[in-house]
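What follows is a short report on a single structure.
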Amino acid sequence: MRLFVAVNLPADERRAAFAAARPLREDAAPVKWVAEENLHLTMKFLGGVEAERAEPIGSALAEAVRGLRPFEVMLGGCGAFPDVTHPRVVWIGVERHPALELLANDVERAVGPFGFEPELKPFQPHVTIGRARKDAASAALCSLAARFAEVVYEGVMPVSSVDLMESLPGDGAPRYRVVRRAALAGGT
């Protein structure tokens, strides 16, 4: 199983973010755009995991987040990693909220005992909306930077759970399936 831990956006926010990014998708840049239904905030990528380990990982996540209260984070802005002049990952911004930082730390601690190494770089919350194609030349991606200002979007994402997700291969875009939802205290 190919697994990751995410906070999923509500359907209305996925629609709004996807619609706001339309100017970027209309550009001829060699980018593979994320399908609307796949928009999410990745908390931790786990990669290939044996199926029998999914349930214990899900239980550890549930235990780790049980003491946290639901909260909201603001969404908005557009950018790229490593930067706008060399876009490899195109994203919608997510507020650097202290509760989100705590949640990211709790996720790291929950999956650590299963052999997943902690991230070496700081947590940078974002919603990936596109990835440059592997063979894309930097020059072919330059037009995107000029269009980032056309992405006008501000939203709110409630955080009431983290989801252990499975990425299933499909025709073109992967499909994502919730393996286990871990609710924050009072979350649904």
Side-chain angles (χ1 to χ4, degrees), residues 2 4-47 70-104 107 119-163 165-178:
R2 190 171 164 85
F4 62 96
V5 180
V7 175
N8 283 300
L9 278 70
D12 58 335
E13 286 302 332
R14 282 195 316 264
R15 271 191 301 279
F18 188 79
R22 184 176 187 178
L24 299 178
R25 291 191 307 276
E26 290 174 345
D27 193 278
V31 173
K32 183 174 181 169
W33 299 104
V34 175
E36 178 183 324
E37 62 273 10
N38 288 347
L39 295 178
H40 66 275
L41 164 61
T42 300
M43 300 300 291
K44 175 80 174 170
F45 179 73
L46 303 178
F71 58 96
E72 293 180 338
V73 292
M74 302 300 295
L75 304 173
C78 184
F81 294 133
D83 58 57
V84 296
T85 57
H86 302 92
R88 301 312 297 170
V89 173
V90 181
W91 48 258
I92 295 281
V94 176
E95 173 188 11
R96 295 183 77 84
H97 192 289
L100 190 59
E101 296 281 338
L102 289 172
L103 182 59
V107 167
E119 294 295 326
L120 298 177
K121 52 189 176 202
F123 179 61
Q124 295 186 18
H126 65 281
V127 175
T128 298
I129 58 173
R131 289 180 183 81
R133 297 196 183 276
K134 291 187 191 313
D135 60 348
S138 291
L141 296 165
C142 289
S143 60
L144 276 180
R147 301 206 74 172
F148 284 165
E150 296 175 45
V151 178
V152 179
Y153 169 67
E154 289 183 1
V156 177
M157 180 174 65
V159 180
S160 60
S161 67
V162 292
D163 298 328
M165 304 291 294
E166 181 180 13
S167 177
L168 301 162
D171 294 333
R175 290 182 304 109
Y176 298 150
R177 176 182 77 85
V178 176

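Side-chain atoms are counted along with the backbone in the values below, which use heavy atoms only and exclude waters and symmetry mates. All figures in this text were calculated on a predicted structure; none of them were measured in a lab.
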Could you give the distance from OH (Tyr153) to CD (Glu13), rounded to the nearest 0.5 Å? 3.5 Å

Spacing of CD1 belonging to Ile92 relative to CG belonging to Leu39, to within rounding of 0.5 Å: 8.5 Å

Could you tell me whether Arg2 atom CZ has more than 12 heavy atoms of other residues or ligands within 6.0 Å of it? no

Looking at residues at least two apart in the chain, or sitting in another chain, which of them share a side chain to side chain contact (heavy atoms under 4.5 Å, CB included) with Ala145? Val84

One should read off an interatomic distance between Arg88 CZ and Arg131 CZ, to the nearest 0.5 angstrom, of 12.0 Å

So salt bridge (charged side-chain N to carboxylate O under 4.0 Å, His left out) across residues 133-144, not counting sequence neighbours, yields none

Within 6.0 Å of CZ in Arg177, more than 12 heavy atoms from elsewhere: yes

Between Thr42 and Thr128, does a side-chain contact (heavy atoms from CB on, under 4.5 Å) hold up when you go through it step by step? CA-CA 9 Å; Thr42 300; Thr128 298; 5.9 Å; no

So does Glu150 have more than 12 non-hydrogen atoms from other groups sitting under 6.0 Å from CD? yes

Please lay out, stage by stage, how Leu103 and Val7 fare under the test side-chain contact (heavy atoms from CB on, under 4.5 Å). CA-CA 10 Å; Leu103 182 59; Val7 175; 4.3 Å; yes

Quick test of your reading of the model: are Arg96 and Glu101 salt-bridged, counting only N-O distances below 4.0 Å? yes

Tell me whether the rings of His40 and Tyr176 are parallel (<30°), tilted (30 to 60°) or perpendicular (>60°). perpendicular

